[in-house]
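Let me begin by handing over the structure; questions about it come next.
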There are 2 protein chains.
Amino acid sequence: MKPRITLKKIASEFGVSISTVSKALKDSHEISEETREKIKAFADYYNYKPNSLALQLRNQKTSVIGVIIPEIVHHFFSTVIDGIEQYATKKGYNVMVCVSNESYEKEVSNFSVLTNGSVDGLIVSIARETQHKNEYSHFEGLIKDDFPLVLFDRINEELACDKVIIDDVGGAFKATNHLIENGAKKIALLTTQDFITVGSLRKEGYLKALHKNGISVDENLIYKIDDNKDLYEQIKKVIFVKNPPDAILAVNEIYAANALKIAKERKLSIPNDIAIIGFTDGLISEFTSPPLSEVVQHGFEMGQQAAELLIKRIEQTDASEFKKEVISTNLKIRQSTLSTK
Amino acid sequence: MKPRITLKKIASEFGVSISTVSKALKDSHEISEETREKIKAFADYYNYKPNSLALQLRNQKTSVIGVIIPEIVHHFFSTVIDGIEQYATKKGYNVMVCVSNESYEKEVSNFSVLTNGSVDGLIVSIARETQHKNEYSHFEGLIKDDFPLVLFDRINEELACDKVIIDDVGGAFKATNHLIENGAKKIALLTTQDFITVGSLRKEGYLKALHKNGISVDENLIYKIDDNKDLYEQIKKVIFVKNPPDAILAVNEIYAANALKIAKERKLSIPNDIAIIGFTDGLISEFTSPPLSEVVQHGFEMGQQAAELLIKRIEQTDASEFKKEVISTNLKIRQSTLSTK
DNA sequence: TATAAACACGAAAACGTTTTCGGAACGTTA
DNA sequence: TAACGTTCCGAAAACGTTTTCGTGTTTATA
């Protein structure tokens with residue numbers, strides 16, 4: 001690569017000092033019009049642009065936001081990144097993306113790479129393994145130094161920082177309620193293992209709705225799916241039983257889509273024999289038959305909110321209270337829950 | 001945010017020079033064991049890490065790869081990023097992601113932000129508007145300076161740089177052939193507008209297969225979808241006609257999924273009345289009924305290849321020929337093309 | 001004509017690092 | 001004791017920028 005042109009080179013070209021060149025390019029009145037013009041013309045011709053590393057070092061500011069997510073090939077997470085990126089760009093920031101791949105170790109190493117001065121702040125959704133280990137010392141190190149940090153979706157309540165979550169409890173509550181209103185009596189819950197916060201919150205909403213409607217809880221209807229094992233086989237055990245449930249609430253789209261597929265394999269009519277609703281991350285729901293009802297997650301808004309909180313935190317001069325923003329959900333009703341009876 | 005600890009602070013703590021501290025932390029034999037140990041203990045206690053901006057400036061190397069893509073909420077592109085990110089991480093690079101949103105202006109502004117010294121090289125998939133305008137001066141500026149650049153998927157043949165594409169012609173050829181082998185006589189092509197390179201290449205493969213099988217080309221069966229207009233309505237015009245085609249090749253998953261949905265609305269039996277195959281970007285195909293056959297694109301390998309080419313280019317000392325890697329495709333056959341007759 | 005203001009520019013510090021070179025202090029050897 | 005080698009450390013340059021504070025020259029004012 002050809003070396004880029006610098007102030008120094010321009011200066012030596014005209015036999016003036018570096019500071020003269022810098023001022024000339026900034027249209028400073030300290031420099032005579034004549035000098036100014038010739039320097040600007042030259043810089044323009046050679047397409048001079050200030051080296052951003054040098055600026056970052058001098059200003060002690062990178063204008064870069066670091067983002068650490070568990071996965072990137074994932075509709076929800078990529079939607080959140082989209083929100084972050086758009087808001088950041090609008091505010092003059094760039095986005096550096098790292099993927100933890102659900103691994104504690106990779107998360108820690110991402111932390112250490114990004115917090116060496118290359119970003120002004122961090123937006124993180126916690127890796128599954130980290131939640132499992134319950135090991136947060138890498139976060140605490142940052143928090144001790146007041147490093148700008150925003151957690152989203154997979155958060156930890158204990159950590160003292162800004163947070164953005166969706167209304168998981170409310171979303172599951174609404175969805176369960178909707179199933180009950182449409183006649184469901186025996187609602188299975190397809191959730192994650194307990195240590196995933198969003199999974200347990202959605203379970204809470206599910207239980208709340210059962211309770212409110214006077215339906216007793218059957219622990220056998222609560223299935224904790226292990227993402228490391230075969231989804232299809234696990235969900236098969238929910239549906240290929242003697243008396244299958246008459247409705248299913250799944251905590252994500254993949255569980256729901258698999259449930260639908262399997263229910264059809266068992267020749268169950270949807271939604272008449274079994275209604276299905278999922279939390280949505282994606283495009284699948286629209287194209288299944290029947291199309292899947294879903295709890296809409298608004299990942300884009302979530303990303304924007306996270307970026308807004310972070311940038312405020314970065315640019316503020318004196319510390320303020322940590323905020324926790326809750327993005328509300330809504331239902332998108334499609335045929336998988338709308339009884340045709 | 002608390003100011004980070006620097007060599008200077010450590011030096012003043014012990015009344016030694018900055019260079020002594022630097023050497024001590026690097027276990028230099030120039031520094032006495034005693035001094036070394038106490039400095040290292042102190043640095044360790046305060047969790048000293050070298051400021052990466054300073055290092056980047058000094059070494060004239062950022063170890064950051066810039067990526068500019070048209071969209072991020074997109075299965076194919078996010079898969080490519082995944083490949084880039086994983087390879088980059090393995091090689092000690094970080095990834096900075098910018099989204100052009102299919103806009104020429106945003107692409108240009110992304111270019112100018114990223115090439116100010118904040119990245120060592122760039123991986124780009126060209127925005128739709130840029131291809132439409134046929135305006136590549138921002139690329140040419142970089143190429144003139146031998147800036148490390150890799151294009152993928154949406155490329156421009158004229159630009160002198162490394163490239164990675166999938167075998168679009170071959171993929172479409174295989175898919176069309178497959179349709180013909182399963183009895184199709186009247187195959188519609190759902191493609192993009194001409195200026196999108198991948199669209200026209202896939203059209204080429206389609207034509208080639210027709211030709212080879214002695215089927216004459218009917219221009220009326222080639223539909224150029226405009227992504228800015230309503231997809232559903234456009235695709236409806238393909239299927240709700242007097243004599244609908246008996247097979248459809250779609251150049252992406254969304255077109256295919258919509259076609260399938262619409263064909264079902266017209267009560268056509270799939271694949272007996274109409275067979276459908278798409279190029280895949282996603283998860284939808286697996287969950288439609290019947291599941292969609294697809295041309296598999298291998299986005300992850302594409303990302304890895306792109307990153308590998310770029311990093312080689314960055315680290316090489318003397319210029320070498322530009323390479324064009326072609327990732328081969330394969331068919332994933334599902335029920336949407338497997339006649340049950 | 002002496003003094004002040006205006007103009008045009010340069011020197012140097014600062015951001016945080018690494019590395020080369022030089023040098024003082026001490027010990028060893030002929 | 002003169003010459004030489006070690007050992008241990010500091011000064012300074014370099015990466016590229018911005019900005020403060022001089023400073024010398026010219027022009028205007030009293």
Side-chain angles (χ1 to χ4, degrees), chain A residues 1-40 42-43 46-64 113 115-120 145, chain B residues 1-40 42-43 46-64 112-120 145:
Chain A
M1 187 169 69
K2 294 213 184 83
R4 297 161 45 80
I5 189 157
T6 65
L7 292 185
K8 195 196 250 188
K9 285 185 204 148
I10 303 180
S12 77
E13 182 72 26
F14 291 104
V16 296
S17 76
I18 293 177
S19 38
T20 300
V21 178
S22 174
K23 290 172 192 167
L25 293 176
K26 295 192 123 44
D27 260 332
S28 162
H29 58 276
E30 286 187 26
I31 307 299
S32 71
E33 173 127 14
E34 189 196 341
T35 314
R36 239 186 299 166
E37 289 311 321
K38 71 181 184 196
I39 287 180
K40 279 165 67 179
F42 184 87
Y46 284 102
N47 194 24
Y48 169 79
K49 286 180 208 154
N51 180 307
S52 64
L53 282 183
L55 284 180
Q56 290 173 31
L57 183 59
R58 167 161 231 279
N59 299 331
Q60 295 288 85
K61 174 161 175 62
T62 64
S63 293
V64 175
V113 171
T115 57
N116 282 341
S118 29
V119 302
D120 289 342
D145 293 340
Chain B
M1 188 167 72
K2 295 216 184 79
R4 296 162 45 80
I5 190 158
T6 66
L7 291 185
K8 195 197 252 188
K9 285 186 205 148
I10 302 180
S12 77
E13 181 72 25
F14 291 104
V16 296
S17 76
I18 294 176
S19 39
T20 300
V21 178
S22 175
K23 289 173 193 166
L25 293 176
K26 294 192 124 46
D27 261 333
S28 162
H29 58 275
E30 287 186 24
I31 308 299
S32 69
E33 174 129 12
E34 189 196 341
T35 315
R36 237 188 298 165
E37 289 310 321
K38 70 183 183 194
I39 288 180
K40 279 166 66 180
F42 184 87
Y46 286 101
N47 194 23
Y48 169 79
K49 285 180 207 154
N51 180 307
S52 65
L53 283 182
L55 284 180
Q56 290 174 28
L57 183 60
R58 167 161 231 278
N59 299 332
Q60 296 290 82
K61 173 160 178 64
T62 64
S63 292
V64 176
S112 106
V113 171
L114 290 183
T115 57
N116 282 342
S118 29
V119 302
D120 289 342
D145 294 340

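Lettering follows sequence order; numbering is per chain, from 1. Computed from heavy atoms alone, side chains included, the values below leave out hydrogens, waters and symmetry copies.
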- Task: Quick one: do A:T115 and A:D145 satisfy side-chain contact (heavy atoms from CB on, under 4.5 Å)? Show the steps, please.
- Result: CA-CA 11 Å; A:T115 57; A:D145 293 340; over 6 Å; no

Name every donor-acceptor pair, under 3.5 Å, that has one atom in a side chain of residues 48-56 of chain A and the other anywhere in the protein, sequence neighbours excluded.
from, atom 1, to, atom 2, distance (Å)
A:N51, OD1, A:L53, N, 2.7
A:N51, OD1, A:A54, N, 3.1
A:S52, OG, B:N116, O, 3.3

- Message: Could you work out, with salt bridge (Lys or Arg N to Asp or Glu O under 4.0 Å) as the rule, every residue matching A:R4, not counting sequence neighbours?
- Response: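 If we apply the salt bridge (Lys or Arg N to Asp or Glu O under 4.0 Å) test to A:R4, skipping adjacent residues, there are no hits.
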
Give every pair of a protein N or O atom and an N or O atom of nucleotides 25-28 of chain D that lie under 3.5 Å apart, one pair per line with the distance.
none

- Query: Roughly how bent is the helix from C:dT1-D:dA30 to C:dA30-D:dT1 end to end, in steps of 10 degrees, with each end axis from five pairs?
  - Reply: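 Answer for the end axes of this duplex: 80°.
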
- For A:F14, all residues meeting side-chain contact (heavy atoms from CB on, under 4.5 Å), sequence neighbours excluded: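 Checked A:F14 against side-chain contact (heavy atoms from CB on, under 4.5 Å); matches are A:I10, A:V16, A:K38, A:I39, A:F42.
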
Can you check nucleotides 5-7 of chain C for protein contacts, nitrogen or oxygen pairs under 3.5 Å, and list what you find?
none

- Message: Without decimals, in angstroms, what is the distance between A:D27 CG and D:dT18 C1'?
- Response: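 My rounded result for the distance is 16 Å.
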
- Where do B:N47 and B:I5 land on the side-chain contact (heavy atoms from CB on, under 4.5 Å) test, with the steps shown first? CA-CA 8 Å; B:N47 194 23; B:I5 190 158; over 6 Å; no

- Item | B/S/- contact track for nucleotides 12-17 of chain C, protein heavy atom under 4.0 Å | B-BBBB

- What pair of heavy atoms forms the shortest contact from B:A24 to B:R36, and how long is it?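 Answer, listing the atom of B:A24 first, then B:R36: O-CG, 3.6 Å.
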
- Query: Rounded to the nearest 0.5 Å, how far does CD1 of A:I31 lie from OG of A:S22?
  - Reply: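 Taking OG in A:S22 and CD1 in A:I31, the distance rounds to 9.0 Å.
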
- Item | With sequence neighbours excluded, residues passing salt bridge (Lys or Arg N to Asp or Glu O under 4.0 Å) with B:K61 |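 Partners of B:K61 by the salt bridge (Lys or Arg N to Asp or Glu O under 4.0 Å) criterion, ordered by chain and then number, come out as B:D120.
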
- Task: For A:V16 and for B:T20, locate the closest nucleotide of DNA chain C by heavy-atom distance; then report the residue assigned to the nucleotide nearer the 5' terminus.
- Result: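 The residue closer to the strand's 5' end, by nearest nucleotide, is A:V16.
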
- Qualifying residues under salt bridge (Lys or Arg N to Asp or Glu O under 4.0 Å), relative to A:E30, sequence neighbours excluded: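 With neighbours one apart ignored, the set is A:K23.
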
- Task: Tell me, please, which residues at least two apart from A:T35 pass side-chain hydrogen bond (donor to acceptor under 3.5 Å, both in side chains).
- Result: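 Once residues adjacent in sequence are excluded, the partners of A:T35 under the side-chain hydrogen bond (donor to acceptor under 3.5 Å, both in side chains) criterion are A:S32.
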
- Message: The criterion is side-chain hydrogen bond (donor to acceptor under 3.5 Å, both in side chains); which residues satisfy it with A:S118, sequence neighbours excluded?
- Response: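 Here no residue qualifies.
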
- Item | With A:E13 via side-chain hydrogen bond (donor to acceptor under 3.5 Å, both in side chains) - residues at least two apart |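 For A:E13 there are no side-chain hydrogen bond (donor to acceptor under 3.5 Å, both in side chains) partners, ignoring immediate neighbours.
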
